[in-house]
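As structure tokens, the structure follows; a few thoughts come after it.
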Amino acid sequence: MPLVGAVAAPHSHLQLFTRPAENEQYKADVQKGRNAMIALRDVVERANADTILVIHDDHFVNFDFRCYPPFALFVGQEAKGSGVTDPDTIEKITGATYRKYEGKADYQSAPSGIPQHMANWEKDKPYVYKVNTDLSVRLLKGLLERDFDVPFTSDGTMDGEEVLTTNFLNPKADKKVMLMFTNGYVPPLPWPRRSYKLGKAIREILDEVDDRVLVLATGGMSHYPGTPLYGHVDEVFDKKVLDILASGKGSKLAEFSPDDLMQSGNGELINWVITAGICGDVKCKVLDYIRLWHIGLGYLYWEL
């Protein structure tokens, strides 16, 4: 079976650093999150995948209001991106190595005034992953054949939060990646039932190939960036989702509406719904759920 594993993990940059003013409980919670990421790394390593399909919502890095597709595929040769803080700090926490360019002494997370996750201001980026381009193209053609009109790009960028999760789970960059960008950010969101069907179509295609693929769904859980609700977390909804997945009923996520996701601060759950469609109704192992001041963080893997 080419699908050898699937995990879901947050991409919040708060897993990488804490501010000096934070209390000891907050710092302990951040460390719990890091520990959960390391545990997921062990899951990834045991799966012995050669390729990781990263499903991640684009944060206005590759797309903007001129064109914001519900789903898109990257079909380039290399995936490059910058981190949300300097590489030395990232390497210390995650173990992720980075490319040292000749004449490049250091990297900053972003120039003043630019959001950290929009780290696309220079050509030489410290994190570089080899892309499984052949399988990406096969996935694209297979989805078109199955009536999913998926846009594609050969010139995409990994945003800082996408890099963050990949840093933790593929720190040596020894596994190829495939990148699927989603819209978990800008209403109207893709319908969850459509996202679940997309996952089922992806699984059909993966079942036809010899590559050993692991799926990484990033995101959330509940948070409300850029709104007056920032700081509120819908823990009840988050835990409902985790209970659904732990009970092996991932297809029930397809019953949510886009408004359900937006009102609970769970737009990024689109990535998890696609992955649930890929995996089918199998139980998930929930490693942890952590509430930080502005976000709920869920860590889990599908027991394939």
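Computation of the quantities below employed the complete heavy-atom set of this structure, encompassing side-chain atoms and omitting hydrogens, waters and symmetry-equivalent molecules.
- Within the structure, every pair that satisfies the salt bridge (charged side-chain N to carboxylate O under 4.0 Å, His left out) test and touches residues 36-55, not counting sequence neighbours, is listed here: Glu45-Lys175.
- Scanning all heavy atoms of the two residues, the minimum distance from Val131 to Ser136 falls at CG1-OG, 3.9 Å.
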Discussion item. As a quick check of understanding, evaluate salt bridge (Lys or Arg N to Asp or Glu O under 4.0 Å) for Asp134 and Arg138, giving each step before the final call.
Written reply: CA-CA 6 Å; Asp134 290 343; Arg138 180 161 182 171; over 6 Å; no
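- Residue Lys125 holds its NZ atom at 9.0 Å from NZ of Lys80, rounded to the nearest 0.5 Å.
- For the side chain to side chain donor-acceptor pair (under 3.5 Å) criterion with Asp29, the lone passing option out of Lys27, Lys32, Gln25 is Gln25.
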Discussion item. side-chain contact (heavy atoms from CB on, under 4.5 Å), that's the test. Do Leu245 and Leu253 meet it? Break it down for me.
Written reply: CA-CA 9 Å; Leu245 292 169; Leu253 299 184; 3.8 Å; yes
Worksheet item: So Val43 and Lys285, side-chain contact (heavy atoms from CB on, under 4.5 Å) or not? Walk me through it.
Response: CA-CA 11 Å; Val43 173; Lys285 174 68 175 178; over 6 Å; no
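- Ring orientation note: the planes of Tyr68 and Phe65 are tilted relative to one another, at an angle of 30° to 60°.
- Looking at Leu214 and Leu169, their side chains never come closer than 4.5 Å, going by heavy atoms from C-beta outward.
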Practice prompt. Please lay out, stage by stage, how Glu208 and Lys141 fare under the test salt bridge (Lys or Arg N to Asp or Glu O under 4.0 Å).
Written response: CA-CA 13 Å; Glu208 297 172 351; Lys141 291 180 176 179; over 6 Å; no
Worksheet entry | Pair Phe152-Leu139, side-chain contact (heavy atoms from CB on, under 4.5 Å): steps then yes or no | CA-CA 11 Å; Phe152 61 94; Leu139 180 59; over 6 Å; no
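- For Thr157 (side chain) and Asp159 (main-chain N/O), no donor-acceptor pair under 3.5 Å exists by modelled atom type.
- Leu143 and Ala201 get closest at one heavy-atom pair: CD2-CB, 3.8 Å.
- Here the closest non-hydrogen pair linking His13 and Leu164 is CA-CD1, 3.4 Å.
- No donor-acceptor distance shorter than 3.5 angstrom exists from the side chain of Asp58 to the backbone of Thr182, with no hydrogens or angles considered.
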Worksheet entry | Verdict with supporting geometry, Phe74 and Tyr129, ring pair (Phe, Tyr, Trp, His ring centres under 6.0 Å) | CA-CA 12 Å; Phe74 179 70; Tyr129 289 90; over 10 Å; no
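- Counting all heavy atoms, side chain and backbone alike, Lys252 lies closest to Ile244 at CB-CG2, 4.0 Å.
- Closest approach of Gly184 to Leu189, counting heavy atoms only: C-CD2, 3.7 Å.
- Phe237 and Leu229 are not part of a single hydrophobic cluster, where members link through side-chain heavy atoms under 4.5 Å apart.
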For residues 286-302, please give each side-chain donor-acceptor pair under 3.5 Å, one per line with the distance, not counting sequence neighbours.
unit_1, atom_1, unit_2, atom_2, d
Tyr289, OH, Asp238, OD2, 2.6
Arg291, NH1, Glu235, OE2, 3.0
Arg291, NH2, Gly231, O, 3.4
His294, NE2, Tyr230, OH, 3.3
Tyr299, OH, Gln15, OE1, 3.1

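- If you take OG1 on Thr218 and CH2 on Trp272, they are separated by 10.0 Å, rounding to the nearest 0.5 Å.
- Remark: side-chain polar atoms of Thr165 are paired, donor with acceptor, to backbone N or O of Pro10 under 3.5 angstrom.
- One finds the CG atom of Asn271 at 9.0 Å from the CG atom of Leu216 (value rounded to the nearest 0.5 Å).
- Not a single salt bridge (charged side-chain N to carboxylate O under 4.0 Å, His left out) links Asp210 to another residue, sequence neighbours left out.
- Nearest heavy atom pair, residue Tyr196 against residue Gly280, reads OH-CA, 4.0 Å.
- The closest side-chain heavy-atom distance from Asn266 to Val241 is not below 4.5 Å.
- Inspection of the Thr51 and Asp211 side chains reveals no N or O donor paired with an N or O acceptor under 3.5 Å.
- The closest side-chain heavy-atom distance from Val4 to Asn48 is not below 4.5 Å.
- A 4.5 Å side-chain heavy-atom check between Asp88 and Lys92 finds every atom pair outside the cut-off.
- Two residues are said to be in side-chain contact when any heavy atoms from C-beta on lie closer than 4.5 Å; Ile270 and Asn183 fail this criterion.
- Once rounded to the nearest 0.5 Å, the distance linking NZ of Lys176 with CG of Asn170 reads 12.5 Å.
- For Arg203 (side chain) and Ile278 (main-chain N/O), a donor-acceptor pair under 3.5 Å exists by modelled atom type.
- Side-chain contact between Leu135 and Ile205 is absent, with no heavy atoms from C-beta onward closer than 4.5 Å.
- When atom types are taken as modelled, the side chain of Thr133 and the backbone of Gly76 share a donor-acceptor pair closer than 3.5 angstrom.
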Worksheet item: For Met180 and Ile202, what are the C-alpha separation, side-chain angles and deciding distance, and is it a side-chain contact (heavy atoms from CB on, under 4.5 Å)?
Response: CA-CA 11 Å; Met180 170 166 277; Ile202 292 172; 4.0 Å; yes
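- The CD atom of Gln77 sits 5.0 Å away from the NZ atom of Lys130 when rounded to the nearest 0.5 Å.
- Annotation: cation-pi pair Arg193/Trp191 present, NZ/CZ under 6.0 Å from the ring centroid and within 45° of its normal.
- Residues Asp234 and Gln263 fail the side-chain proximity criterion, which asks for heavy atoms closer than 4.5 Å.
- Counting heavy atoms from C-beta on, the side chains of His11 and His59 come closer than 4.5 Å.
- Rounded to the nearest 0.5 angstrom, Ser222 OG and Glu268 CD are separated by 10.5 Å.
- The cationic atom of Lys100 (NZ for Lys, CZ for Arg) lies less than 6.0 Å from the six-membered ring centre of Tyr98 and within 45° of the ring axis.
- Note on ring orientation: taking the six-membered ring where Trp is involved, the planes of Phe63 and Phe181 are perpendicular (angle over 60°, cut-offs 30° and 60°).
- Put simply, Tyr224 and Phe60 are part of two different groups of oily side chains (I, L, V, M, F, W, Y) that touch within less than 4.5 Å, one to the next.
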